[in-house]
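Below, each value reflects all heavy atoms present in this structure, side chains not excepted, and no hydrogens, waters or symmetry copies. Computed from a prediction, not measured in an experiment: that's the story for all the values here. Both counts, for ligands and for their atoms, begin at 1 and track the order of listing.
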Amino acid sequence: MSENNVINEVNNKQPHLSENFVKIIARDELSHSYLFNGESGVGKLALALFITMGIFCPNRNNGYPCGKCNECRRITEQQHPDVVIIKPDGQSIKVDQVRYLKDEFSKSGLEGNKKVFIIQSAEKMTSGAANSLLKFIEEPGNNIFSFLLTTNMNLILPTIISRTQVIKFPNLDSGSFEEELSKLGIRNSQLYLVNKLTNSTEVVKKWQDDDWLSKMQNSIGVWFDLIVKNDAEAFVTIQSNIIPLVIDKNHREPIINMMIAAFEDVLNYKYLKADQFSFPNNEKNIKTLASNISSITLVRVLELILGCNKQLSINVSFQNILESITLQIMNLLDQ
Ligand SMILES: [Zn+2]
C-alpha cells in the first residue's frame, strides 16, 4: 500500500482506469478536457487528482506519480496553487466562479505554467457558467488541463460534452461499495438491503439523515410481520409508522422497493434456501411464510407491489396506495 491517500483510493476503486491513464501520461497523450461521468463515491475526484499528480510530479516514472514529493503532496491535500478545484456554491456553480477560474488561468497561461482545473458536480453549472466555460475549454492553451466531474451527464450541455473526452466510470465492485457503505455507518444487517436498493453512496448518505434507513427498515419489518400473522394492524402501521417517514417524494420509491425486498426474501428462501436477508430481523416470519405460501400467490404479491411504482406517477395519495396493497396482499394470503 502506498502512503498516498489518492493513490490508494484510485487503486482500490478504479484500478483499470488508473492503469489506462498511467499509460496515456507516459505516452504524453493526455487530452486537455475530460468529463468524468459516474455515481458518487466511485473515485472521480481521486482519479482527477491522480492524473494531476502525473502532470506535475518531477519524479514521475512510466506515467506513475511518486506520491511523496512536494507537488504530489500538495495536490493530494488539494492545496496546490496551480490546481483549482471548483464546487457548487450552494445549489449551483455560478458564472462568477467560472470567471474567477478563467482570470486565474489567463494570468498563468502567459507564464507557461501548467494549470489544472477540476469542476465537481459540473451538472450544477448555471447555463451562464457553462457558456462561459465553453469558450475557455475550446482553446485552453497548451498547459491547461480540465476535468469536469458529474453524476448525471444528461444535465450537461451537449456543447460541453462534445468538447471533452467522456470517461464513464464503472460502479464499484460490491466489495469496495460495501466499504464505502460501512464508512457511512451502514450496519452489516443493512448491507444486503442497501445493495438491492441503490448503488449510489450519495443516495445512501441522504438515507442516513436522521437514521431514516434503519427506521424505515424497522417499520417495513413490523408491517411484514403483521401481514404474515394476518393481523389487520398491518393496515394501521401504514399511517402510524410508515407515512410519517415519507419526508419527501424521493422516499416513496425506496419504500416500495423495500416492501418488494421483504417478499423477495421469502422467494429466495423458498426456492434457493438463501441465508442472506434484506430483513434479517424478520427471518423467522420469512421462513414461516416461505413454507406456507404457494408460488402462484407469492408471484401475485410481488406483482402487486411492483405495480405501485407505476401508480406513483398518477395522482393517488401515497398512503392510499400503500393501504390498498396491504389489504390486497392480506386478501391473497388469506385465501
Ligand atoms: Zn511526486
Side-chain angles (χ1 to χ4, degrees), residues 1-87 97 100-122 133 136-137 140-150 164-170 172-173 175-176 179-180 183 201:
M1 273 295 212
S2 156
E3 47 194 271
N4 184 291
N5 291 337
V6 166
I7 295 180
N8 285 338
E9 191 177 343
V10 288
N11 285 342
N12 284 335
K13 293 184 176 175
Q14 299 296 346
H16 300 299
L17 281 179
S18 67
E19 203 54 41
N20 281 338
F21 271 102
V22 161
K23 288 180 195 146
I24 291 171
I25 293 167
R27 292 196 301 257
D28 232 355
E29 288 174 352
L30 208 56
S31 294
H32 284 282
S33 306
Y34 286 96
L35 176 61
F36 286 177
N37 180 36
E39 292 286 356
S40 67
V42 296
K44 297 189 294 295
L45 179 61
L47 186 64
L49 293 172
F50 176 76
I51 297 168
T52 304
M53 283 194 257
I55 295 171
F56 284 94
C57 178
N59 311 324
R60 194 174 85 193
N61 183 5
N62 275 329
Y64 278 98
C66 76
K68 291 174 191 152
C69 69
N70 197 29
E71 300 280 39
C72 286
R73 257 190 326 99
R74 285 193 296 174
I75 293 166
T76 301
E77 289 159 12
Q78 304 183 27
Q79 302 285 351
H80 196 291
D82 293 318
V83 180
V84 178
I85 302 177
I86 289 198
K87 43 190 123 179
Q97 292 178 274
Y100 159 79
L101 185 138
K102 284 161 74 177
D103 287 348
E104 277 298 294
F105 281 69
S106 58
K107 276 183 236 156
S108 73
L110 295 173
E111 298 156 20
N113 294 341
K114 289 175 193 161
K115 283 261 185 183
V116 169
F117 70 86
I118 299 172
I119 300 188
Q120 296 187 272
S121 307
L133 181 72
F136 181 55
I137 55 176
N142 247 344
N143 288 317
I144 296 183
F145 299 88
S146 59
F147 299 90
L148 312 189
L149 320 184
T150 184
T164 56
Q165 194 170 335
V166 177
I167 306 291
K168 171 84 185 111
F169 277 55
L172 298 185
D173 63 55
S176 322
E179 217 169 276
E180 287 297 298
K183 279 185 209 153
T201 51

Novice: Can you give each donor-acceptor pair under 3.5 Å made by side-chain atoms of residues 53-63, sequence neighbours left out, with the distance rounded to 0.1 Å?
Specialist:
from, atom 1, to, atom 2, distance (Å)
R60, NH1, G54, O, 2.8

Novice: Near the Zn ion (ligand 1), which protein N/O/S atoms are found at less than 2.8 Å?
Specialist: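 Sorted hits: C57 SG, C66 SG, C69 SG, C72 SG.
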
Novice: Kindly say whether A46 contributes a backbone atom to a donor-acceptor pair with the side chain of K13 at under 3.5 angstrom?
Specialist: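 No; judged by distance alone, with no hydrogens or angles, the pair does not exist.
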
Novice: Considering the options Y34, F36, F117, which one meets the side-chain contact (heavy atoms from CB on, under 4.5 Å) requirement together with L148?
Specialist: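 Testing L148 for a side-chain contact (heavy atoms from CB on, under 4.5 Å) against Y34, F36, F117 leaves exactly one candidate, F117.
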
Novice: Would you say the ring centroid of F50 lies under 6.0 angstrom from that of F21?
Specialist: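 No - the distance between ring centres of F50 and F21 does not fall below the 6.0 Å cut-off.
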
Novice: To the closest 0.5 Å, what do you measure between OG1 (T76) and CZ (R74)?
Specialist: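 That separation rounds to 11.5 Å.
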
Novice: Using side-chain heavy atoms (C-beta onward) and a distance below 4.5 Å, is V116 in contact with S146?
Specialist: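 Counting from C-beta outward, V116 and S146 never come under 4.5 Å.
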
